[in-house]
Amino acid sequence: MHPYRTHKCDELRKSDAGATVRLSGWIFRKRDHGGILFIDLRDHYGITQVVVHPSRSFFEALTHAKLETVVTVTGVVTPREESTVNPDLPTGEIEMVADECVLESPAEQSPIYLPGDDDCAEEVRLKYRYIDLRRESLHNNILLRSKIIAHLRQVMTAAGFNEYQTPILTCSSPEGARDYLVPSRVHHGKFYALPQAPQLFKQLLMVAGFDRYFQIAPCFRDEDARADRSPGEFYQLDIEMSYATQDEIFAVVERVLVDTFKTFSEKTVDETPWIRIPYQEAMLKYGTDKPDLRIPIEIFDCSATFANSGFNAFAGAVKAGSVVRAIPVKGIKDKPRSFFDRLVAYAQSIGSKGLAYLVWDGDEIRGPIKKFLSDDELTALAAAGGVTDGDVIFFVCDKPTKAAGIAGDIRSKLGRDLAIIDEKVFRFCWIVDFPMFELDEESGAVVFSHNPFSMPQGGMDALLNQEPLDVLAWQYDVVCNGVELSSGAIRNHRPEIMYKAFEIAGYGPEVVEEKFSSLLNAFKYGAPPHGGIAPGVDRMVMLIAGAENIREVIAFPMNQRAQDLMMDAPSEVSERQLRELHIKIRGKEVNQTE
RNA sequence: GGGGACGUGGCGCAAUUGGUUAGCGCACCGGACUGUCGAUCCGGUGGUCGCGGGUUCGAAUCCCGUCGUCCCCGCCA
């Protein structure tokens, strides 16, 4: 007989009755009746009830064994009496009556009580991650992640892509996020950087003629964490295609994401092709470039209606360059006054000067600003918002960018507070036609708004003949339920267009040559037109698992301050290591005064 | 870098808003119990209330500082 097990803890059924079997696992729960002891034995696969009689030599030892102790038990599979069957357990029709038992690894009292559903402090969970990972929910998430990654590889390979690996030790890139640096021992004073993404390498693979690339790629960025953003490192399904149009790239991504989401989730997934929303339209209708389309509210502009109205606060502001954005909401006329007051307070808390609203209540229209508006103006607003009896429109007035943001925030809050978000669907969309350039708020200068490697729509002609702020880029995002899953672009593979784009953003050719020499040089030896995208794997798993926090889909995550509390990383290193790397740690005071 | 919330036995929480010996549930220890499946019942151990300072006759509670965790803003081409 196998020294540890003949079966897994989810395998035994009534048909196995009478067999002598061996199981190994953790003591998940104990029920001690004095004259009889029940143990729920748990492994990766499931739970089997073990019955221990007091006549057994190990009865006393098991009675006193702490939870999470690892044991190997040998005994006979016994069918349970009708009344003692546990229908909640796949193995609930049988139990194992123990004849032999080996205590493989006694446990101390666990800092995490696994059978309980009480959440414990994140700090404790991270420090004892190997225990926390035994919990069914987290265990399943990590297993789901494994299956999703295997599935992604399978679908991509079937679609004619090959997985290529790219360097982890590379060089610091001049734009984007802060790099993680790795000092060179051999080269005094020089550093490698961990890749923020394999961006340059995947483009160089296209130049090298590999045509269709993908990689489950680790990415490293030294930026602060969020609930949906792991600090330090994360994974992307990195994709790049030669001779591909935007439509072809969309088709590939739609296929792999729909397939994956449908395979691993019960929720409804949008049929393809997904709707495409130009960036400007998204900012107007949803107040964000990552709209949650599950919220049935569309913002509209009504600046013109207010411009000549008697509501001076708005009319004056519109004449001074502000806009009025309207947020129409169905059927909430009966919400108490406190609901509206709280929403006004919320609007103010996020920087709005106020929040006006009108309520369509039967034949009457009421609300704080009603008296300032003419019948024609009210009619126009109702028509624009598709308003019927019971509906409410909220109004935000501010400079265009700020008004859009505030209206978008309020739209999201209404979605949550009114519970009008359909939790059973994944709503996907493409955000397209991002602007190539934007004005830097502080300096007023024209800067790249997204990715300097994107091809401008219209190519060189657009750069030469259009206002820089009007030039659109072949740049796109995938958004699912308000989560930005991915960003991508058709790349700029033409050196002369790249020089021109950088010139508009205020960089001379020497800057392009110095910072992007590898790519630029490569493009001088025959570069195929190409483009790609990189959906975030962690966020994908998070959405499918329904996790609120990205740590719930990562086996060994860091905390918000980018520390691994289990391994105690980052840690100090020896003076000898530092000397070998030609590194001297500055005093803290020096840093503070800089 | 900034804002907010939280910090009380191993874990999750409470303490009537400054007042007696800091309670409760789970875990843990001891006892009872041969059919439970979150077993039950009886009894018990365990806390310098994150840390430091201050106010007060008296501080878990108020004030100041500091550390830690989480959430958000900045940041994330």
Side-chain angles (χ1 to χ4, degrees), chain A residues 28-42 47-55 59 63-68 78 80-89 91-92 95 97 107-128 131-132 173-179 195-197 199-200 219-232 234 349-351 405 409 434 436-438 441-442 447-454 473 475 484 487-489 491 501-502 505 515-516 534 536 548-549 551 558-561 563 565 592:
Chain A
F28 183 52
R29 268 186 298 245
K30 284 191 295 187
R31 291 174 295 280
D32 179 3
H33 288 245
I36 190 167
L37 172 66
F38 298 101
I39 289 175
D40 287 343
L41 193 68
R42 183 200 74 236
I47 290 174
T48 300
Q49 172 163 285
V50 175
V51 184
V52 186
H53 290 290
S55 56
F59 178 81
T63 298
H64 293 102
K66 297 260 200 296
L67 298 183
E68 295 308 306
T78 311
R80 299 201 201 179
E81 267 181 45
E82 189 79 33
S83 61
T84 61
V85 164
N86 183 348
D88 299 329
L89 231 48
T91 59
E95 60 198 2
V97 179
E108 293 180 15
Q109 180 174 355
S110 169
I112 300 172
Y113 178 58
L114 295 172
D117 44 14
D118 276 354
D119 238 351
C120 72
E122 192 84 30
E123 197 176 350
V124 177
R125 296 184 55 198
L126 291 174
K127 183 168 179 190
Y128 299 97
I131 301 175
D132 197 31
S173 64
E175 301 225 10
R178 275 184 288 267
D179 286 313
Q196 296 180 18
Q199 182 67 34
L200 295 178
C219 304
F220 305 91
R221 295 179 193 173
D222 186 3
E223 295 296 345
D224 292 330
R226 287 290 183 276
D228 64 352
R229 202 165 82 208
S230 173
F234 60 97
S349 77
I350 58 170
D409 264 8
F434 279 86
M436 185 83 190
F437 304 101
E438 65 187 13
E441 295 249 334
E442 280 171 30
V447 297
F448 286 111
S449 71
H450 236 84
N451 181 336
F453 306 118
S454 302
Q475 168 89 41
E484 185 188 315
S487 228
R491 320 297 173 187
F502 275 84
K515 291 185 170 177
F516 305 106
E548 292 292 320
N549 192 290
R551 287 185 297 275
M558 295 202 281
N559 69 5
Q560 190 175 40
R561 302 208 321 163
Q563 296 167 299
L565 298 177
Q592 281 169 353

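All values derive from a computational prediction rather than experimental measurement. We name chains A, B, ... by the order of the sequence lines, and we start the count at 1 in each one.
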Q: Mark yes or no for a side-chain to base donor-acceptor pair under 3.5 Å between A:Arg80 and B:rC37, with no hydrogen or angle criteria applied.
A: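 Flag set: donor-acceptor pair detected.
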Q: Base, sugar-phosphate or nothing for A:Glu81? Non-hydrogen atoms, less than 4.0 Å.
A: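 Answer is nothing: A:Glu81 stays at 4.0 Å or more from every strand.
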Q: Report the distance from atom CD1 of A:Ile131 to atom CZ of A:Arg125, rounding to the nearest 0.5 Å.
A: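 One gets 12.5 Å once the value is rounded to the nearest 0.5 Å.
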Q: At 4.0 Å (heavy atoms only), tell me whether A:Gln560 reaches a base, stays on the sugar-phosphate, or touches nothing.
A: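 A:Gln560: base contact, heavy atoms under 4.0 Å.
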Q: A:Gln49 has a side chain; which of B:rG35, B:rG10, B:rU69 sits nearest to it?
A: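 Taking heavy atoms from C-beta onward, the closest nucleotide is B:rG35.
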Q: Over all strands shown, is A:Gln563 touching base, sugar-phosphate only, or nothing at heavy-atom distances under 4.0 angstrom?
A: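 The answer is sugar-phosphate, as A:Gln563 gets under 4.0 Å only of primed atoms, P, OP1 or OP2.
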Q: When you measure from the side chain of A:Lys66 to the backbone of A:Ser110, do you find a donor-acceptor pair of N or O atoms at a distance under 3.5 Å?
A: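 No.
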Q: With respect to the side chain of A:Arg551, which nucleotide from B:rC72, B:rU36, B:rC70 is positioned closest?
A: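 Given the options B:rC72, B:rU36, B:rC70, the side chain of A:Arg551 is closest to B:rC70.
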Q: Out of B:rG10, B:rC28, B:rC37, which nucleotide sits closest to the side chain of A:Leu67?
A: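 When the side chain of A:Leu67 is considered, B:rC28 is the closest of B:rG10, B:rC28, B:rC37.
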Q: Would the base of B:rC70 count as contacting A:Arg226 through its side chain, where contact means a donor and an acceptor less than 3.5 Å apart?
A: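 Not at all, since no donor on one side and acceptor on the other fall under 3.5 Å apart.
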Q: Taking only the side-chain heavy atoms of A:Glu122 (C-beta and beyond), determine which of B:rU69, B:rU36, B:rG30 contains the nearest atom.
A: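 Closest nucleotide among those given: B:rU69.
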Q: Send over the distance from A:Ile39 CD1 to B:rG35 P, rounded to a whole Å.
A: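 My rounded result for the distance is 17 Å.
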Q: Between B:rG1, B:rC70, B:rC37, which one does the side chain of A:Asn559 approach most closely?
A: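 Out of B:rG1, B:rC70, B:rC37, the nucleotide with an atom closest to A:Asn559's side chain is B:rC70.
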Q: Ignoring the backbone of A:His64, work out which of B:rC11, B:rG30, B:rC37 is nearest its side chain.
A: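 The listed nucleotide nearest to A:His64's side chain is B:rG30.
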Q: Using whole Å, what does the distance between atom P of nucleotide B:rA32 and atom NE2 of A:His33 come to?
A: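 A:His33 atom NE2 is separated from B:rA32 atom P by 15 Å.
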Q: Using a 4.0 Å heavy-atom cut-off, does A:Asn451 contact any base of the nucleic acid, only the sugar-phosphate backbone, or nothing at all?
A: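 Sugar-phosphate: the residue A:Asn451, judged by heavy atoms under 4.0 Å, touches backbone atoms but no base.
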Q: Nearest whole angstrom, please: distance from the P of B:rC76 to the CZ of A:Phe448.
A: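 It works out to 15 Å between those atoms.
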Q: With respect to the side chain of A:Arg561, which nucleotide from B:rU34, B:rC37, B:rG68 is positioned closest?
A: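 Out of B:rU34, B:rC37, B:rG68, the nucleotide with an atom closest to A:Arg561's side chain is B:rG68.
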Q: Write out the stems for RNA chain B, ordered by first number and formatted as range with range, counting runs of at least 3 consecutive Watson-Crick or G-U wobble pairs under 3.5 Å.
A: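 Stems (3+ consecutive pairs) listed as B:1-7 with B:67-73, B:10-13 with B:23-26, B:28-32 with B:40-44, B:50-54 with B:62-66.
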Q: So, using ring pair (Phe, Tyr, Trp, His ring centres under 6.0 Å) as the criterion, who are the partners of A:Phe38 when residues are at least two apart?
A: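 Testing A:Phe38 for ring pair (Phe, Tyr, Trp, His ring centres under 6.0 Å), a comparison that skips the adjacent residues, returns A:His33.
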Q: Go through the N and O atoms of the side chain of A:Arg29 and the base of B:rC37, and report whether any donor-acceptor pair is under 3.5 Å.
A: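 Flag unset: no donor-acceptor pair detected.
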Q: Could you state the atom-to-atom distance from CZ of A:Arg31 to P of B:rU36 in whole Å?
A: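 The distance from CZ of A:Arg31 to P of B:rU36 comes to 10 Å, rounded to the nearest Å.
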Q: Among the candidates B:rU36, B:rG12, B:rU69, find the nucleotide nearest to the side-chain atoms of A:Glu95.
A: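 Side chain of A:Glu95 sits closest to B:rU36.
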Q: In whole angstroms, how far is the P atom of B:rC33 from the NE2 atom of A:His53?
A: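 A:His53 atom NE2 is separated from B:rC33 atom P by 17 Å.
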Q: Before accepting this row, confirm whether a basic side-chain N of the pair A:Arg229/A:Glu223 lies closer than 4.0 Å to the acidic partner's carboxylate O.
A: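 No.
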Q: Syn versus anti for B:rU17, judged by chi lying within 90° of 0?
A: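 Because its glycosidic torsion lies within 90° of 0, B:rU17 adopts the syn conformation.
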Q: Regarding A:Asn549, tell me which of base, sugar-phosphate or nothing describes its non-hydrogen contacts under 4.0 Å with the strands shown.
A: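 Since only primed, P, OP1 and OP2 atoms lie under 4.0 Å of A:Asn549, the category is sugar-phosphate.
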Q: Taking the side chain of A:Val124 as its heavy atoms from C-beta onward, which of B:rC11, B:rC37, B:rC76 lies nearest to it?
A: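 Nearest to the side chain of A:Val124 among the choices is B:rC11.
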